[in-house]
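To start, the structure itself, in structure tokens.
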Amino acid sequence: MLLVVAAFIVAFVLLLYMISPLISPKPLKLNGAHVVVTGGSSGIGKGIAIECYRQGAFITLVARDEEKLLRAKKEVEKYAINDKQVVLCVSVDVSSDYTQVENVIKQAQEKLGPVDMLINCAGTAISAKFEEMEVERFKELMELNYLGSVYPTRAVITTMKERRMGRIMFVSSQAGQIGLFGYTAYSPSKFALRGLAEALQMEIKPYNIYVTVAFPPDTDTPLLAEENKSKPLETKLISETSGVWQPDQVAKILVKDVVQGNFNSSVGPDGYMLSALTCGMSPVTSITEGLQQIVTMGLFRTIALFYLGSFDSIVRRCMIQREQSKAADKRE
């Protein structure tokens, strides 16, 4: 009887594996596609632009710093695979004025054609204790990390729906899956992207437009280097448990997922576990993906409890060390 049950389970899994490609979206061909990358002058955004360009895409780089944009343009152009490819630079703050963002997107489409894929990578990170964070910072992060993705997406969505095709990626963070010490301003702005992505995907899926929300880990970028200058000790110690990735490694994974139309894009074993744990009611791209989440949930939750215990221990140790240091200073 056990053998029959086991055989049935194996057959069921194989069936799911075989039919899952039939319900998965058709991959987007990057050769000749117009890809817009916000935050494309450095870090993960620039890495994504390079990865798309080396696959034949036309690129529009969007960022605030014009000098950085021009440097990024020269770097991206080194990876051309044909003479027709173009890299267009647009200097604009994607979080300040929607009308301005809409106008520059229209200009980009007039030069390079309709946007086939939008990568929302503009953002920043600030870490500090809640009571030490300047109140203005909460608004600043929400505007750049959230509205800075809403505005470009709003600017391309109508044309994508008319053409009944497109890809949109929101680059969140692993701190957009789990709230961590020091990220009381940053985490909410990244969590918000997940809610936007889920709601938007339900609206535009009938138009053959697929949304991807990416949760990259700490990545070796100028943004991380700047953040580390003022990062609380607790945040540093917790972040060190997962290591640091290189931008090109992250970019390859993210581009692969957005091209495939996967809703979730994670990096590394920790990223895969976090995505499975926090999947909730998020869309799945295949039956196989859903089955994997069901099977691994219990195990991953057990592992996560150990992680959470470790993080709490780090916070307590740091608090005790500070209190002891203060007491020693008073005695002196």
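All values reported here derive from a predicted model rather than from experimental measurement. The first residue in the sequence is number 1, and the count goes up from there.
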Would you call [X] and [Y] a side-chain contact if the rule is heavy atoms closer than 4.5 Å?
X: Gln107; Y: Val90; result: no
X: Asp116; Y: Arg167; result: no
X: Pro25; Y: Thr285; result: yes
X: Ser265; Y: Val258; result: no
X: Leu70; Y: Lys74; result: no
X: Met117; Y: Leu30; result: yes

Check your understanding: What residue among Tyr183, Tyr146, Phe130, Tyr186 forms ring-ring contact (aromatic ring centres under 6.0 Å, His included) with Phe138?
Key ->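 When Tyr183, Tyr146, Phe130, Tyr186 are each tested with Phe138, the ring-ring contact (aromatic ring centres under 6.0 Å, His included) holds only for Phe130.
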
**OP:** Return yes if a side-chain donor-acceptor contact under 3.5 Å exists between Thr153 and Asn120, otherwise no.
**Re:**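 A donor-acceptor contact under 3.5 Å links the two side chains.
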
>> If we count only N and O atoms by modelled type, under 3.5 Å, do the side chains of Asp257 and Thr212 hold a donor and an acceptor together?
In response: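 No, no side-chain donor-acceptor contact under 3.5 Å.
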
Using every non-hydrogen atom in the two residues, find where [X] and [Y] come nearest and quote the distance to one decimal.
X: Asn264; Y: Ser275; answer: OD1-OG, 3.0 Å
X: Pro27; Y: Gln260; answer: CG-OE1, 3.6 Å
X: Gln201; Y: Pro283; answer: CG-CG, 4.0 Å
X: Pro217; Y: Trp245; answer: CG-CD1, 3.3 Å
X: Leu118; Y: Met160; answer: N-CE, 4.2 Å
X: Lys231; Y: Ser239; answer: NZ-OG, 3.9 Å

In terms of heavy-atom contacts, does [atom1] of [X] have more than 12 from other residues, nucleotides or ligands at under 6.0 Å?
X: Glu67; atom1: CD; value: no
X: Arg64; atom1: CZ; value: no
X: Arg163; atom1: CZ; value: yes
X: Met202; atom1: CE; value: no
X: Arg322; atom1: CZ; value: yes
X: Glu77; atom1: CD; value: yes
X: Tyr207; atom1: OH; value: no
X: Glu134; atom1: CD; value: no

Hydrophobic cluster membership, [X] vs [Y], 4.5 Å side-chain cutoff:
X: Ile314; Y: Met319; result: no
X: Phe58; Y: Leu69; result: no
X: Phe263; Y: Phe215; result: yes
X: Val76; Y: Ile48; result: yes
X: Val36; Y: Tyr151; result: yes

**OP:** Evaluate the side-chain contact (heavy atoms from CB on, under 4.5 Å) criterion for residues Lys252 and Lys256: first the C-alpha distance (whole Å), next the side-chain angles of each, then the deciding distance (0.1 Å), finally the verdict.
**Re:** CA-CA 6 Å; Lys252 288 180 181 179; Lys256 179 182 178 182; over 6 Å; no

Starting at [atom1] of [X], measure out to [atom2] of [Y] and round the result to the nearest 0.5 Å.
X: Tyr272; Y: Leu277; atom1: OH; atom2: CG; result: 10.5 Å
X: Asp97; Y: Glu102; atom1: CG; atom2: CD; result: 10.0 Å
X: Asn228; Y: Ser127; atom1: CG; atom2: OG; result: 7.5 Å
X: Ile178; Y: Leu274; atom1: CD1; atom2: CG; result: 6.0 Å
X: Cys89; Y: Glu66; atom1: SG; atom2: CD; result: 8.5 Å
X: Glu140; Y: Ser189; atom1: CD; atom2: OG; result: 10.5 Å

Would [X] and [Y] pass as an ion pair if we require N to O under 4.0 Å?
X: Lys161; Y: Glu203; answer: no
X: Glu226; Y: Lys229; answer: yes
X: Lys106; Y: Glu110; answer: no

Has Thr241 got a side-chain atom pairing as donor or acceptor with Ile238's backbone, closer than 3.5 angstrom?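 Yes; at least one donor-acceptor contact below 3.5 Å.
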
side-chain contact (heavy atoms from CB on, under 4.5 Å) between Val86 and Lys111, intermediate numbers included
CA-CA 10 Å; Val86 176; Lys111 294 179 180 179; over 6 Å; no

Next item on the list: Test side-chain contact (heavy atoms from CB on, under 4.5 Å) on Val104 and Val62 and set out the steps.
Entry: CA-CA 9 Å; Val104 299; Val62 181; 5.6 Å; no

Q: Please report the C-alpha distance between Phe311 and Glu234 in whole Å, then the side-chain angles of each, then the deciding distance to 0.1 Å, and finally whether the side-chain contact (heavy atoms from CB on, under 4.5 Å) criterion is met.
A: CA-CA 8 Å; Phe311 297 161; Glu234 293 90 338; over 6 Å; no

Problem set entry | Aromatic ring proximity Phe300/Tyr307, centre distance under 6.0 Å |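 They do not qualify: ring centres at least 6.0 Å apart.
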
